[in-house]
Amino acid sequence: MPGTQASESFRVNGGARLVGEVHVTGAKNSALKLMAATLLAEGTSTILNVPDIADVDIMAELLTRLGCVVNFDRSQQTVTIAVPAEPGSRADYDLVRKMRASINVLGPLVTRLGHAEVALPGGDAIGSRGLDFHIKGLKELGAEAHSEHGYVIATAPDGLHGASISLDFPSVGATENLMTAAVLAKGMTVIDNAAREPDVVDLGEFLVAMGAVISGLGTSTIIITGVDKLHPATHATLCDRIVAGTWAFAAAITQGDLTIHGARAEHMEIPLDKLVSAGAVVTTTPDGIRVRMDHRPNSVDVATLPYPGFPTDLQPLIILLNAVAEGRSIVTENVFEGRFMFVNELIRLGAHIQVDGHHAAITGVERLSGAPVVATDIRAGAGLVLAGLVSEGVTTVEDGYHIDRGYPGFAQALRSLGAEVTRI
Ligand code: UD1
């Protein structure tokens with residue numbers, strides 16, 4: 001499995017200005033959910049534009065253990081999944097703990113088989129990540145669901161039925177699990193306060209291609225009319241707006257100039273607005289965007305929110321931008337309360353940041369100073385490598401496997417843009 005060597009670090013020499021072109025691959029958070037959703041129909045589904053990241057291998061292994069035959073053609077970025085008539089119904093802890101998205105097999109399994117046992121997931125260390133909305137929603141759809149001995153156990157021997165579900169918070173994972181469960185339920189389901197993320201829309205469109213009846217995708221109210229059976233389908237994964245956003249911030253932070261092929265500006269409106277407020281010049285290109293920064297960034301206040309708000313996954317990047325910007329700023333985290341661990345690492349590099357609850361107050365400094373730091377999650381890891389680029393001297397980012405979970409070929413891409421970054 002590529003990129004899972006926990007001992008691997010990124011060694012970054014400070015001082016580079018990133019200039020050039022990058023290509024954005026398919027979205028991790030879409031591809032994994034699309035793969036899980038193939039369980040809904042017997043036969044072979046094909047997912048295109050799949051990124052070559054460790055999490056895809058983990059999902060492939062999970063599906064293989066459930067009886068699927070999975071083939072990942074890395075050169076074509078294509079995954080084919082042959083789903084049997086009777087897949088297994090238990091997803092074990094050793095795999096689920098490695099990746100939060102494993103929980104997405106819960107909805108498809110319980111609705112198709114009437115039984116599912118899925119280990120409680122691990123995933124990134126970014127705060128408590130409950131499953132209460134998933135469980136409550138499945139109950140409303142007629143399942144008996146509870147957690148026991150580290151597993152979520154859901155049963156619905158007579159199948160699920162439509163229901164009116166209102167989420168307390170527009171959770172991405174709960175919206176996805178409940179939508180994939182409702183597609184085979186009897187009758188109509190309405191999910192209110194649903195997540196509006198492009199990843200949710202992408203999954204919904206794949207389900208429609210499989211024969212599901214869904215309206216309201218991309219809005220806060222998703223309406224699903226259950227059907228008896230779905231069929232396999234082929235679907236291309238949406239481009240990764242978080243990876244695209246990371247490159248956009250990388251250009252601004254290093255006072256560089258990047259053309260980001262595959263970036264979709266309409267999925268990144270608020271992050272791009274913030275970059276413009278910071279002084280960047282953002283233009284659209286025929287197949288993406290170009291971000292140029294000619295001076296030290298201005299600081300910008302930001303509060304993370306569910307889509308279309310500023311994404312929590314780009315919060316480390318805007319904290320880094322503010323850490324080297326002119327002036328003071330406040331960044332407020334509203335989605336994951338534990339997501340400021342990154343800040344401690346940035347302080348080790350000389351950033352001036354004070355955290356109070358879910359607010360971080362940042363006073364920009366001209367340059368950070370290189371030191372050994374540890375990646376605590378995917379986005380923090382990418383942020384620390386970029387922090388190394390605006391630090392004097394050498395920065396080593398340990399636990400680099402986190403970065404591999406979200407950014408295929410990150411070091412190589414950075415080198416092609418003029419950075420001195422190696423794997424050690
Ligand atoms: C997904 C993304 C993650 C992103 C997040 C928010 C994947 C694999 N991960 O995570 O990168 O940062 O969306 O955009 O797609 N919550 C509950 N109870 C629940 C479910 C969620 O309290 O049953 C809380 C969480 O603790 C968190 C908030 O709701 O505070 C948002 O979580 P959610 O949107 O579900 O995030 P994920 O789907 O886990």
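Everything numeric here is computed off the predicted structure, so don't read it as measured data. Ligands are counted one by one from 1 in listed order, and the atoms in each one are counted from 1 as well. Residues take their numbers from the sequence shown, with the count starting at 1.
For ligand 1 and Thr312, the ligand atoms under 4.0 Å from any heavy atom of the residue are 6 (C), 12 (O). Set against the non-hydrogen atoms of Asn29, the atoms of ligand 1 under 4.0 Å away are 2 (C), 3 (C), 7 (C), 8 (C), 9 (N), 11 (O), 15 (O). Atom numbering of ligand 1 starts at 1 in the shown order; those under 4.0 Å from a heavy atom of Gly130 are 18 (N), 19 (C), 20 (C), 21 (C), 23 (O), 26 (O). Atoms of ligand 1 lying under 4.0 Å from at least one heavy atom of Val335, given by number and element, are 27 (C), 28 (C), 30 (O), 31 (C). Near Gly173, with a cut-off below 4.0 Å to any heavy atom, the atoms of ligand 1 are 35 (O), 38 (O).
Salt bridge Arg74/Asp57: present, at least one basic N to carboxylate O contact under 4.0 Å. The pair Asp55-Arg100 fails the salt-bridge criterion, with no side-chain N (NZ, NE, NH1 or NH2) lying under 4.0 Å from an Asp/Glu carboxylate O. Under 4.0 Å is where a charged nitrogen must lie from a carboxylate oxygen, and between Asp92 and Arg90 at least one such pair does.
When the options Asp55, Val172, Thr304, Leu167 are ranked by their closest heavy atom to atom 34 (O) of ligand 1, first place goes to Val172. Summarising the contacts of atom 15 (O) of ligand 1 with Arg100, Lys28, Lys33, the nearest heavy atom is found in Lys33. The closest non-hydrogen atom to atom 4 (C) of ligand 1, taken over Asp168, Asn334, Asp313, comes from Asp313.
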Under 3.5 Å, which donor-acceptor pairs do the side chains of residues 187-196 form with other protein atoms, sequence neighbours left out?
from   : atom 1 : to     : atom 2 : distance (Å)
Thr189 : OG1    : Ala163 : N      : 3.4
Asp192 : OD1    : Thr221 : OG1    : 2.9
Asn193 : ND2    : Leu167 : O      : 2.9
Arg196 : NE     : Gly218 : O      : 3.4

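Residue contacts with ligand 1 for Phe169 involve side-chain atoms from C-beta outward but no N, CA, C or O (heavy atoms, distance under 4.0 Å).
Of all non-hydrogen atoms in Val200 and Leu217, the two that sit nearest each other are O-CD2, 4.2 Å. The shortest heavy-atom contact between Val397 and Gly381 is CG1-O, 4.3 Å.
The stretch residues 164-183 participates, sequence neighbours left out, in these side-chain hydrogen bond (donor to acceptor under 3.5 Å, both in side chains) pairs: Lys33-Glu176, Asn104-Glu176, His134-Asn177.
Considering backbone and side-chain N/O atoms, Ala174 never comes within less than 3.5 Å of an N/O atom of ligand 1. In terms of polar-atom proximity, defined here as any N/O pair under 3.5 Å, Pro170 makes no such contact with ligand 1.
The aromatic rings of Phe310 and Phe249 sit perpendicular to each other, their planes meeting at more than 60°, with 30° as the lower class boundary.
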